[in-house]
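A short worksheet on the structure shown next.
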Amino acid sequence: MATLRRALLRLHQTLTVTPPRSSQSLLRSHLGSISWFCSDCGSLNVDLSDEESKRRLHNRLLYRSRQRGFLELDLILGSWVEENIRSLDELRIRALMDVLDLENPDLWKWLNGQEQPPEAVNNNPVFTAVQSKVMGNLNSHAAPETRANPGQPWVRGWDDKRWQDGGPKYGNQ
């Protein structure tokens, strides 16, 4: 976070102190300092050549998996990455980075079987491993009648039982 703060402060100082330049040259000169924080700027470099770079990459991926802003995914992905990060090779680390780049609502629906994931996501070995863990936990700890059927809304209202006589079945209507 401190690196991002310094990069943004440097960008602000450049904008206010120096005469205006073209926007492309400004972006080019400062993009390298903030590109690590932008998921759309390309994936992280996978450098497993020495222990220090491997440690940094593992810590970065562990942080990304634990701090998604979606509590359920923070817990699921964070624990899976913590258990498996040391045994992943370069190919699986790239697959993990692809999973971490997915949007939270879509990833959540795909992991718990609410919706069918796209073929590219379904072929990802990390996604498959995390999904099998999630589905195994759901099958062993949650009764099927307490879960929403695939394709149905997974958020239901607090008063669902009130509408058993033919009213709305989902939501707080």
Side-chain angles (χ1 to χ4, degrees), residues 1-5 7 34-161 168-173:
M1 195 63 152
T3 307
L4 177 62
R5 193 175 306 125
I34 58 176
S35 64
W36 291 104
F37 300 99
C38 175
S39 62
D40 295 336
C41 297
S43 60
L44 295 171
N45 293 332
V46 178
D47 180 19
L48 303 175
S49 60
D50 62 347
E51 288 301 315
E52 179 62 21
S53 60
K54 190 184 297 189
R55 183 189 65 80
R56 285 183 181 181
L57 179 64
H58 288 177
N59 287 343
R60 189 173 290 131
L61 292 173
L62 186 59
Y63 181 82
R64 283 186 66 197
S65 66
R66 287 182 174 166
Q67 303 292 326
R68 296 183 62 89
F70 197 101
L71 179 61
E72 293 85 353
L73 287 175
D74 293 347
L75 296 171
I76 290 168
L77 289 175
S79 65
W80 189 90
V81 170
E82 186 175 9
E83 292 169 5
N84 297 292
I85 190 74
R86 303 282 179 231
S87 64
L88 298 179
D89 60 349
E90 184 176 347
L91 181 66
R92 294 199 189 277
I93 286 176
R94 289 190 188 280
L96 172 62
M97 290 166 42
D98 290 340
V99 169
L100 293 176
D101 286 341
L102 295 172
E103 294 293 325
N104 287 339
D106 296 332
L107 182 58
W108 176 247
K109 289 177 185 178
W110 297 333
L111 283 176
N112 68 22
Q114 192 69 43
E115 291 181 2
Q116 188 65 25
E119 195 64 32
V121 175
N122 212 14
N123 291 335
N124 185 312
V126 171
F127 175 81
T128 306
V130 174
Q131 186 185 37
S132 66
K133 180 181 176 184
V134 169
M135 293 308 290
N137 285 338
L138 276 175
N139 291 334
S140 64
H141 298 296
E145 58 271 4
T146 63
R147 295 184 275 170
N149 295 326
Q152 297 296 323
W154 64 276
V155 176
R156 289 182 260 169
W158 58 271
D159 59 351
D160 287 342
K161 294 182 179 154
K169 293 182 174 43
Y170 300 102
N172 291 342
Q173 299 101 4

Ile85 and Trp80, any side-chain heavy atoms less than 4.5 Å apart: no
Could you tell me whether Glu51 and Arg55 have a side-chain N and a carboxylate O separated by less than 4.0 Å? no
Would you compute the distance between atom NZ of Lys109 and atom CD of Glu115 and round it to the nearest 0.5 angstrom? 4.5 Å
State, yes or no, whether a side-chain contact exists between Met135 and Leu138 at a heavy-atom distance under 4.5 Å. yes
Do you know the tightest heavy-atom contact between Arg68 and Leu107? NH2-CD2, 3.8 Å
Can you tell me how far NZ of Lys54 sits from CG of Leu57, rounded to the nearest 0.5 angstrom? 10.0 Å
In this structure, CD of Gln131 is separated from CG of Asn122 (nearest 0.5 Å) by 6.5 Å
Under 4.0 Å between a Lys/Arg side-chain N and an Asp/Glu carboxylate O for Arg64 and Asp101? yes
What closest approach, in Å, do Leu62 and Gly78 show between heavy atoms, and which atom pair accounts for it? CD1-O, 3.9 Å
Exactly one of Ile76, Val99, Val81 should register a side chain to side chain contact (heavy atoms under 4.5 Å, CB included) with Val130. Which one does? Ile76
Donor on one side chain, acceptor on other, Asn84 and Ser87, under 3.5 Å: no
Of all heavy-atom pairs between Leu61 and Met97, which one has the smallest distance, and what is that distance? CD2-CG, 3.6 Å
Once rounded to the nearest 0.5 Å, what's the spacing between atom CG of Asn137 and atom OG of Ser132? 9.5 Å
Asn124 and Leu96, any side-chain heavy atoms less than 4.5 Å apart: no
Decide yes or no for Trp110 and Leu102: does some side-chain heavy atom of the first lie under 4.5 Å from some side-chain heavy atom of the second? yes
Could you measure the distance from the CG atom of Leu77 to the CZ atom of Arg66? Nearest 0.5 Å is fine. 11.5 Å
Count the heavy atoms of every other residue, nucleotide or ligand shown that sit under 6.0 Å from CD of Glu103, and state whether that count exceeds 12. no
Find out whether Glu72 and Asn112 are in side-chain contact, i.e. whether some heavy atom of one side chain is under 4.5 Å from a heavy atom of the other. no
Find out whether Asp98 and Phe127 are in side-chain contact, i.e. whether some heavy atom of one side chain is under 4.5 Å from a heavy atom of the other. no
Testing the basics here: between Arg92 and Leu88, what is the closest heavy-atom pair and its distance to 0.1 Å? CB-CD2, 3.8 Å
Just verifying a value: how many Å separate Leu71 CG and Asn104 CG, rounded to the nearest 0.5 Å? 11.0 Å
Short N-O contact, Lys133 and Glu83, less than 4.0 angstrom: yes
